[in-house]
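In what follows, a structure is listed as structure tokens, so that the remarks can point back to it.
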Amino acid sequence: MSGFGLLLRKELLEQTRTMRLYVVAIVFALFAIVSPLTAKYLPDIVKALAGTQVSLVGLIPTPTVGDAVDQFLKNLTQFGVLIAILLAMGTVAGEKDRGTAAFILTKPVSRGAFLAAKLVAISGTLLVSTAVAGILGYYYTAVLFEPLPALGYAAMCALLWLSLVVFAALTFLGSTLTSSSAAGAGIGVLFLVVTGIVSALPTVGPYMPEMLAGPARALALGQGSDDVVGPVAVNVAIALAAGGLAWLAFRRQEV
Amino acid sequence: MTPADIPGVAASAAGPAGRASVSSGATGGSAAPLDGLAGAGTPPAICTVGLGKRFGSVTALRSLDLQVPAGSIFGFLGPNGAGKTTTLRLLTGLAHATQGTGTVDGIPIGAGDGRLQRRIGYLDQDPRFYGWMRGSELLEMVARLHGLPGTEARRRTAEVLELVGLVDAARRRIGTYSSGMRQRLGIGQAIVNRPSVLFLDEPVSSLDPEGRRDVLEIIERLRGTATVVLSTHILTDVERVCDRVAILNYGSLVIEAPMDELLERHALPVYRIDPEPGQPDALARLTNALRGQPWVRDLRVEHGLLRVFVRDPAVAGPALLPVLAGTGVTLASFERARPSLEDVFLHLVANGDRPMGDTPSSWPEHPDQARIER
């Protein structure tokens with residue numbers, strides 16, 4: 001992994017200089033704030049819009065802290081996955097296309113370090129953004145509803161982060177296999193569709209990244225979750241396998 | 001045909017003049033030791049044996065046998081698509097050979113363990129860097145990737161910035177650099193590690209005349225301390241700085257030789273005699289004497305300058321000076337016309353369908369004829 005430290009430093013610097021880190025963190029923060037607000041005030045909004053149609057208003061249940069958590073997870077899994085794909089789609093393909101990969105790879109750095117630095121940097125951006133979202137989401141949920149167990153909420157954010165990293169890693173694999181950012185994104189979306197289909201299957205479904213939201217919700221609400229270790233292990237394995245396959249493909253690739 | 005039959009390609013069988021050590025896969029010859037710049041016993045900086053690269057059905061490089069002496073400045077020429085960049089990419093480990101092998105500074109080109117990259121510098125023909133990075137940051141990063149500790153890396157960065165004339169732009173983002181500045185930065189990053197072998201692919205293509213001169217000076221300063229492989233279309237630059245030249249065409253080596261030898265080998269059968277002004281009688285005697293010589297094919301006097309076209313320079317050379325001395329004419333200069341590298345290049349590349357079969361006798365006999373044909 002020759003040159004990993006320096007390349008990681010460069011990648012992290014790139015995340016800040018190109019504003020990627022800030023943009024992603026702000027988007028995550030907005031969703032984190034909007035989620036408990038939406039859960040809290042949606043009935044009031046509907047009531048205001050519905051006017052005299054009291055029967056419609058009566059159909060909307062009184063919002064609970066569980067709704068706030070659901071809204072948070074729904075928003076950040078849906079939009080977070082898209083952002084993860086956007087972050088990873090051009091990370092290798094773009095450098096191959098622009099010629100900067102050739103510039104770096106004529107220096108004494110290993111190809112493994114080149115890839116690992118990128119994947120770690122993307123994971124870092126997602127980690128910072130998820131942490132920001134988690135802090136804001138926790139605060140607004142506590143203010144609007146009730147305080148949740150901090151450790152459980154942190155565990156939920158960790159699982160959310162893991163699911164995003166899995167999609168980033170799968171897109172990263174796509175980006176390594178191709179020379180086009182769009183093709184990399186296409187492969188990322190393909191994995192999203194495939195894991196979505198597989199997640200509907202009874203045996204393997206719970207191990208797909210989308211399904212981490214279930215145990216994440218339970219942990220956030222302090223309900224505990226017995227079946228979290230297996231899915232976590234499988235998702236970590238998927239992310240590592242994607243990184244490993246990317247390395248195997250990139251090892252002999254011409255840039 | 002043997003390597004000895006090829007102009008500029010004289011393997012060990014070519015006798016005492018066999019300085020070059022190149023053979024083509026087409027001839028099946030093998031590389032022989034050099035007695036060039038590096039001297040006997042010094043391993044070549046670059047050695048390839050049957051190196052080739054195919055892209056599907058397209059052969060970009062076919063069976064290249066080449067030895068580049070350590071410390072030389074080696075011009076790598078050829079028309080677009082000749083295989084120059086492919087060769088450089090193979091030698092720098094960016095591409096993989098589909099046949100043959102090679103070493104750079106004694107390290108196999110496919111080693112893939114970073115040893116090769118520690119010894120080389122490489123400038124791409126279209127250098128691209130991270131636009132968000134500052135020039136000084138990029139150089140320092142490269143220096144540190146090469147293992148220089150922080151303080152040393154910063155010192156070397158400052159040195160290189162000075163050398164490539166980017167001190168004022170050091171803190172600017174690379175995205176704001178002009179193409180010429182990017183090229184200078186490219187040269188900077190290629191030399192920051194003081195490479196043993198420096199590969200420069202079109203290093204002056206985006207530079208203004210002053211920048212070009214600066215870069216050529218940098219290259220000249222590396223003579224003897226590093227081996228420089230310079231791929232370019234600007235033949236006057238090659239003529240100015242290179243010790244040796246190789247010409248590729250259609251993926252095959254056409255010729256490789258020391259620059260002087262190459263130009264000498266392709267010298268035209270023409271002598272230029274420039275008499276001192278104010279001696280019409282002596283000049284008349286000289287033209288009469290020359291017209292009577294069996295080895296003179298044609299004679300022209302233009303603006304007081306005599307051009308003597310001879311049938312065989314080997315015969316004319318020794319015979320001409322006594323004739324000149326006998327007529328008592330005083331000379332300002334006397335020389336055998338030498339072609340420029342451009343002449344040699346165009347002539348050899350124009351015969352691309354038979355790159356290895358060219359001989360000096362196939363050159364046009366008359367310089368004007370040569371000009372018209374080109």
Full working for side chain to side chain contact (heavy atoms under 4.5 Å, CB included) between A/Ile104 and B/Tyr130 | CA-CA 10 Å; A/Ile104 285 289; B/Tyr130 302 105; 3.2 Å; yes
Audit row: B/Arg173, A/Arg17, side chain to side chain contact (heavy atoms under 4.5 Å, CB included) steps and yes/no | CA-CA 11 Å; B/Arg173 291 195 177 192; A/Arg17 289 268 180 89; 3.3 Å; yes
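- Counting heavy-atom pairs under 4.5 Å between each of A/Arg98, A/Arg9, A/Lys10 and chain B puts A/Lys10 at the top.
- Contacts of A/Glu95 with chain B are made by side-chain atoms alone, with heavy-atom separations under 4.5 Å and no backbone atom involved.
- For B/Leu145 against A/Pro108, the heavy-atom pair with the smallest separation is O-CG, 3.3 Å.
- Using a 4.5 Å cut-off between heavy atoms, A/Arg111 contacts chain B through its side chain alone, with no backbone atom that close.
- In A/Phe250, the CZ atom is crowded: over 12 heavy atoms of neighbouring residues, nucleotides or ligands sit closer than 6.0 Å.
- For A/Leu151, the CG atom is loosely surrounded, since the number of other residues' heavy atoms within 6.0 Å does not exceed 12.
- The parts of A/Val255 that come within reach of chain B are both its backbone and its side chain, each placing non-hydrogen atoms under 4.5 angstrom from that chain.
- In this structure a side-chain-to-backbone donor-acceptor pair under 3.5 Å is present from A/Glu254 to B/His96.
- Nearest heavy atoms, A/Thr106 versus B/Thr92: CG2-CB, 4.4 Å.
- Counting heavy-atom pairs under 4.5 Å between each of B/Ala95, B/Gly110, B/Gly114, B/Pro127 and chain A puts B/Ala95 at the top.
- Shown here is A/Tyr140, whose OH atom has no more than 12 heavy atoms of other residues, nucleotides or ligands within 6.0 Å.
- With values rounded to the nearest 0.5 angstrom, A/Leu105 atom CG is found 11.5 Å from B/Tyr122 atom OH.
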Could you go step by step and tell me if B/Gln117 and A/Ser2 meet the side chain to side chain contact (heavy atoms under 4.5 Å, CB included) rule?
-> CA-CA 12 Å; B/Gln117 283 72 21; A/Ser2 171; over 6 Å; no
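- Applying the 6.0 Å contact sphere to CZ of B/Phe55 captures more than 12 heavy atoms from other residues, nucleotides or ligands.
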Apply side chain to side chain contact (heavy atoms under 4.5 Å, CB included) to B/Leu138 and A/Phe103, showing your working.
-> CA-CA 11 Å; B/Leu138 183 109; A/Phe103 154 65; 3.6 Å; yes
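- Each of B/Met141, B/Gln189, B/Arg144, B/Arg118 was compared with A/Lys107 under the side-chain contact (heavy atoms from CB on, under 4.5 Å) criterion, and only B/Gln189 meets it.
- Using a 4.5 Å cut-off between heavy atoms, B/Arg115 does not touch chain A at all.
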